[in-house]
Amino acid sequence: MPFIRFCSLCKGRLRQTLLPANKREASRSSLGYRAQSRTHAYLELTKPKIVFLLDFTALMAFLVATRGINLFNLAVVLVAGTLASGGAGALNCYLDRDIDQSMGRTSQRPIPKGELSPLNALVFGMALVVGGVGVSLLFLSPWTSLFIFLGAAIYVGFYTKWLKRRTTLNIVLGGSAGSCAPLAGWAAATGNVSVVAPWLMALLVFVWTPSHFWSLALRASKDYAKAGIPMLPVVVGDKKAAQYIALNTFLLVPSSLIFVPLGTFGIIYLAIAGVLGLGMIVLDLKLAFNPTKAQAWTAFKFSSPYLAIVFLAMVLDYRILH
């Protein structure tokens, strides 16, 4: 009996010793999870997929601008562009928080989900934009800083704040924000944008944007209608919007090929851009004749890598043939 009581006493003390340690471990695990979740929320706020595409076009423009590669300038423009673009994405989420929560496509963003407060998103976004422009001003040319600033300002002030809720031209005119990325990349490499090539790259991004985004808007037209956003499919209907997408693509493909007769790029670029352009035309014509959500999603998914591959073709052509 004394031995049994001794064992019971030891077991009780052991349980008391282990229980706080388990609780502490669970608490540390919970804190780590919350920190990781919060970090992920801030990352999502920056719209990383858009930032990646913008950085990629800036990188490709930089590599085409000059034979020599200034690695410091290249690193700085990518850091500055990432900060400013990510900050603009965060400010877009802040300004659109009221409509994001009513749309299925955007309802899982950090602010509607309650993962981040609007104030935190606002401060975070402003800090990133100021940081990005500031880094560029310190180390790069004034032209580079101007285009980095314009890219963020157009996206936040012109597109999100002024155009998006007012006109079907929102994404058409707002697409000029993305056009600033290759101009910034070119300016970072050369210090200026005095030749025609970077402006044609900017034009290509500008013309690509409506075909790309209208396909997504067509698929999510009910969401936009519910939120009261006058995206093209909401205003003119799916069938008419699909026709506009095809028409815009017939402008996009010549815009992508104009580099060849001007002598900027050669046969490698022509082959890649030509095949991709043909694919865009075929898919968007199918969408025009069959304006379904599924076909719109197919067109959107094809247009997503289209721009990146065309810009990659520029670098391949320039580095191999020149």
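In this chain, residues are counted from 1 in sequence order. Computation of the quantities below employed the complete heavy-atom set of this structure, encompassing side-chain atoms and omitting hydrogens, waters and symmetry-equivalent molecules.
The structure places CG of Leu257 at 11.5 Å from CG of Leu262, a figure rounded to the nearest 0.5 Å. Between the OH atom of Tyr269 and the CD1 atom of Ile320 there is a distance of 15.0 Å, given to the nearest 0.5 Å. Between atom CG of residue Asp55 and atom OG1 of residue Thr57 there is a gap of 7.5 Å, rounded to the nearest 0.5 Å. Between atom OG of residue Ser256 and atom CZ of residue Phe311 there is a gap of 10.5 Å, rounded to the nearest 0.5 Å. Between Asn248 atom CG and Ser215 atom OG the span is 9.5 Å, to the nearest 0.5 Å.
Hydrophobic cluster membership is shared by Leu140 and Ile69, with clusters built from Ile, Leu, Val, Met, Phe, Trp and Tyr side chains linked at under 4.5 angstrom. Residues Leu283 and Phe250 share a hydrophobic cluster, clusters being chains of Ile/Leu/Val/Met/Phe/Trp/Tyr side chains in contact below 4.5 Å. Both Val310 and Leu321 are assigned to one and the same hydrophobic cluster, defined by single-linkage of ILVMFWY side chains at heavy-atom distances under 4.5 Å.
Donor-acceptor pairing under 3.5 Å is lacking for the side chains of Thr144 and Ser136.
Across every non-hydrogen atom of Trp214 and Val172, the tightest pair is CZ2-CG2, 3.5 Å. Residue Leu43 comes nearest to Thr46 through the heavy atom pair O-OG1, 2.5 Å, listed as atom of the first residue, atom of the second, then distance.
We find that Asp96 and Lys164 are joined by a salt bridge, their nearest charged nitrogen and carboxylate oxygen being less than 4.0 Å apart. Under a 4.0 Å N-O distance rule, the pair Asp238/Lys222 does not qualify as a salt bridge. The residues Asp223 and Arg105 are annotated as not salt-bridged, no charged nitrogen and carboxylate oxygen being separated by less than 4.0 angstrom.
Other residues, nucleotides and ligands place more than 12 heavy atoms under 6.0 Å from the NZ atom of Lys293. Counting non-hydrogen atoms of neighbouring residues, nucleotides and ligands closer than 6.0 angstrom, the OH atom of Tyr306 exceeds 12 such neighbours. Residue Met103 qualifies as enclosed at atom CE: its count of foreign heavy atoms under 6.0 Å is above 12. Heavy-atom neighbours of Tyr244 OH from other residues, nucleotides or ligands within 6.0 Å: at or below the threshold of 12.
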- Apply side chain to side chain donor-acceptor pair (under 3.5 Å) to Ser211 and Thr249, showing your working. CA-CA 6 Å; Ser211 289; Thr249 300; 3.0 Å; yes
- Decide side-chain contact (heavy atoms from CB on, under 4.5 Å) for Leu91 and Thr160; before the verdict, give the C-alpha distance in whole Å, the side-chain angles of both, and the deciding distance to 0.1 Å. CA-CA 9 Å; Leu91 292 175; Thr160 305; over 6 Å; no
- Query: Are Thr168 and Val236 close enough, and set up right, to give a side-chain contact (heavy atoms from CB on, under 4.5 Å), and what steps lead you there?
  - Reply: CA-CA 9 Å; Thr168 55; Val236 303; 5.6 Å; no
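Side chain of Asn70 to backbone of Ala189: no donor-acceptor contact under 3.5 angstrom is found.
Phe139 has its ring centre less than 6.0 Å from the ring centre of Phe72.
With Tyr94 as the aromatic partner, Arg97 meets the cation-pi criteria of under 6.0 angstrom to the ring centre and within 45 degrees of the ring axis.
A parallel orientation is assigned to the rings of Trp208 and His212, their planes being inclined by less than 30° (bins at 30° and 60°).
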